[in-house]
2 protein chains.
Amino acid sequence: MKRAAYDGNVPIQYGSAMPATSRPATILEVARDAGVSKTSVSRYYSGERERLSASMQQRIAHAAERLGYQPNPMARGLKGGPSGLVGMLVADIRNPFSVAVMHGVEQACRRQGLSLMVCNTDNDPTLERQNLALLTSYRIEGLIVNAAGRHGEALAELAGGGLPLVLLDRSLEGIDADEVGLDNDRAIDMALDHLTERGYRRVLFVTEPPARASSRQARMARFESGRSSRGLEGEVLSLELDDAASLDRRLSAFLEAATQQPTAILCGNGQVTLAVTRTLQARRVPLGEIGLMGIDELDWCQLVTPGITTLAQPTDAIGQAAVDRLRARQAERTTPEPRHERFTPTLIIRDSTCRPGVDAPHFDETRP
Amino acid sequence: MKRAAYDGNVPIQYGSAMPATSRPATILEVARDAGVSKTSVSRYYSGERERLSASMQQRIAHAAERLGYQPNPMARGLKGGPSGLVGMLVADIRNPFSVAVMHGVEQACRRQGLSLMVCNTDNDPTLERQNLALLTSYRIEGLIVNAAGRHGEALAELAGGGLPLVLLDRSLEGIDADEVGLDNDRAIDMALDHLTERGYRRVLFVTEPPARASSRQARMARFESGRSSRGLEGEVLSLELDDAASLDRRLSAFLEAATQQPTAILCGNGQVTLAVTRTLQARRVPLGEIGLMGIDELDWCQLVTPGITTLAQPTDAIGQAAVDRLRARQAERTTPEPRHERFTPTLIIRDSTCRPGVDAPHFDETRP
DNA sequence: TTGTATGCGTTATCAC
DNA sequence: GTGATAACGCATACAA
């Protein structure tokens, strides 16, 4: 059934590329305007441009520009074609590390001609499920997950259903998916080596509860084994960061314990570093004399006197790798062996790990 | 406008309910399984549930759950129905302020049963245009923009075409859109009042180049008028933040100028505060003696000795207001008078604006 | 209350 | 090379 609006006289003379109506132009309108069939226009936009005659290409290009035509991804998606969409599930959008990786993912997607659809779960399993449903409903071609990881079943099913899946900074049992993230063992080793070298003999590892995140477990486990193998004293402190009072109490208890050993604190991630630094400052704890070191580099780590030593993750590379894995999975029809890609952090030494009178203050290269 | 499909009344179940095939179930399959027509299933999910008999509701619900059915938003969108999608254009996803507002927007959307699609433009006009095309191609029902604002034409066209548009922290000439953001005049006044009260008589306002962002212009203009009306000395320093050397040079020139007046620096936004703080620390400038104050509250402002005084924006409220404006525009068919919503910041006083020997050190309530 | 028929914009399968 | 036509999954007038 033809509608009058489509018959013949498509309005003319738009200066710029602007649709006639508020509604975007359709492939049919372009076809009419160019005097060709829908099929040809479709071919023009579906990578079969070479199979069209030069004159037809001209006409289509011209008409499309005049009408401001732009293929409708909805309609494309309906037909089951590639959506050009990659989904990403982020546990906490306000976490700078997540944002940094997201930025890397986004850049990589752009280079591949893909669009990224990000969903924040706010660490809420319900939201995680809803967002998962939303993403799949848009027929994403791949999914990058950096979320709590309850409901592994849902993810497992998606992966089993053939959706390329990459786990970021997480691993999930029984899931056939690629993993990309920090080399946690290496990171902890680097941290312990550095602290040992600086003369600290007693170390507290502070982490958020590891139950829900495998990377936290990995770091914690490596810390324990690495600490004892190096003959260091110390322990692990695992708690929710929103409970500032508890953190203060337990941190103080550790620091005030009767011991002569030089003491340091190692923070399991950036959020922990923030919370711990707050507490230490409130207690007027002298940084350096009490060592402080964190995983994840943040804007302010060089600003807090005397500068906080960190292990910086290569976030852009991690994001890029995640997208690469997705593409690789997409290319091979056969599901390959799940592959794990682990990145080595960069040690940024500042004076929070410089004991006064023992080492000469380190020159902070990141300082202007 | 009905939007029953995603209002949360329909639990989306993974795990127990999963289609046999990897491809999601369609409305037709549910209809078959339940022994009813497509239409009835459609009605069930389109807010006309009450008009169906109880037994039919039962059968549909059961079948849908068994098959893991979930309406396909692509197909829905094709028919021109409400997409349930709100778009957001962000200039810089790594800017904590933008992320904070985004989080507020997201929460508000969730409460309204809307989904949010965020696009980062990385301050790149080309990307801005591409992302704009992407968003519109998904038939978003409203657009929240916090981006550079070149290509105002494209936005103007969209708004003219009836797309509800909200400008965040920006205004664009000749655009008929709502605006939500900080009350810039009030913020600057509060800052100048505070600095004056603390005895500073000479103030430098540091801002990124205001050409592309109206809020920067507004703050700058108000600063100039407010400064002179208060009889304060000072000037405006406008520069790109990536040029650290230039910032260092010009900042030093200002501070070292021969004058007896107590001097302070006011930072136009969080990014500026970060860059300026870096420079001051490198120069070993004593904060407080030289006043420092910033617009935007950041994680680390309380950590940098002796704590940086800031004006905190109510980011959640701003995000919520943006979505509210969108809904209001959506409701009224007639385009109402563009409305501007301006929020008052909260002054968080720390010791970077406490001159030694003049005021007793302020007790920082944000410190534990 | 429930079902039938049609169109939304696109791509794939044919035919010419 | 190019074009007609049938799906794709859903919503909606319209019919019963």
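Since this is a predicted model, take the numbers as computed values, not measurements. Naming: A, B, ... by sequence-line order, numbering from 1 per chain.
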In this structure, how many angstroms lie between the C1' atom of D/dT12 and the CD atom of B/Glu48, rounded?
9 Å
Nearest-angstrom distance from the residue atom OH of A/Tyr45 to C1' of C/dA12
19 Å
Review item, side-chain donor-acceptor pairs of residues 52-61 of chain A, under 3.5 Å, at least two apart:
from    : atom 1 : to      : atom 2 : distance (Å)
A/Ser53 : OG     : A/Met56 : N      : 3.3
A/Gln57 : NE2    : A/Arg49 : O      : 2.8
A/Gln57 : NE2    : A/Leu52 : O      : 3.2
A/Arg59 : NE     : A/Ala34 : O      : 2.9

Interatomic spacing from OG1 in B/Thr121 to CD in A/Glu106 - rounded to 0.5 Å:
9.0 Å
Please check if the side chain of A/Glu179 supplies one atom and the backbone of A/Val166 the other of a donor-acceptor pair under 3.5 Å.
no
Find which nucleotide of DNA chain C each of B/Met56 and A/Lys79 is nearest to by heavy atoms, and output the residue with the more 5' nucleotide.
B/Met56
Which whole-number value in Å describes the distance from B/Tyr69 OH to D/dA11 C1'?
10 Å
Distance below 4.0 Å between B/Ser53 side-chain N/O and C/dT2 OP1 or OP2:
yes
Within the sub-3.5 Å range, which N or O atoms of nucleotides 14-16 of chain C have a protein N or O partner, and how far apart are they?
none

Do A/Asp122 side-chain atoms and A/Asp124 backbone N/O form a donor-acceptor pair below 3.5 Å?
no
Mind checking if B/Ser42 touches a base, just sugar-phosphate, or nothing, with heavy atoms under 4.0 Å?
base
With nearest nucleotide decided by heavy atoms, which residue, B/Ala54 or A/Pro82, maps closer to the 5′ end of DNA chain C?
B/Ala54
Tell me whether the OP1 or OP2 atom of D/dC10 has a side-chain N or O from B/Arg76 closer than 4.0 Å.
no
Going by heavy atoms closer than 4.0 Å, what residues in residues 33-40 of chain B are next to DNA chain D?
B/Lys38, B/Thr39
Round to the nearest Å and state the distance from B/Leu67 atom CG to D/dG9 atom C1'.
15 Å
Roughly, in whole Å, what's the span from CZ in A/Arg49 to P in D/dT2?
14 Å
Secondary-structure notation, DNA chain D, from Watson-Crick and G-U pairs under 3.5 angstrom (| other strand):
||||||||||||||||
Tightest non-hydrogen contact, residues B/Ile144 and B/Ala322, listed as CD1-CB, 3.9 Å
Does the side chain of B/Asp324 come under 3.5 Å of the side chain of B/Gln320 through a donor N or O and an acceptor N or O?
yes
For B/Leu78 and C/dT6, give me the distance from atom CG to atom P, rounded to whole Å.
19 Å
Grab the CD-P distance between A/Glu50 and D/dG1 for me, whole Å please.
12 Å
Looking just at side-chain N and O atoms, do B/Ser98 and B/Asn146 make a donor-acceptor pair shorter than 3.5 Å?
yes
Touch class at under 4.0 angstrom, heavy-atom based, for A/Tyr44 against every strand present:
nothing
Tell me what A/Pro73 touches on the nucleic acid: a base, only sugar-phosphate, or nothing, going by heavy atoms under 4.0 Å.
nothing
Under the salt bridge (charged side-chain N to carboxylate O under 4.0 Å, His left out) test, which residues partner A/Arg51, sequence neighbours left out?
A/Glu48
Protein-nucleotide distance (B/Tyr138, atom OH; C/dG9, atom P), rounded to Å
16 Å
With a 3.5 Å distance limit and no angle check, can you tell me whether B/Ser83 reaches the backbone of B/Arg139 through a side-chain donor-acceptor pair?
yes
Side-chain donor-acceptor pair present, B/His62, B/Asp33, cut-off under 3.5 Å:
no
May I ask you to check whether over 12 heavy atoms, not counting those of B/Arg32, lie within 6.0 Å of atom CZ?
no
With sequence neighbours left out, what residues match A/Tyr69 under ring-ring contact (aromatic ring centres under 6.0 Å, His included)?
A/Tyr45
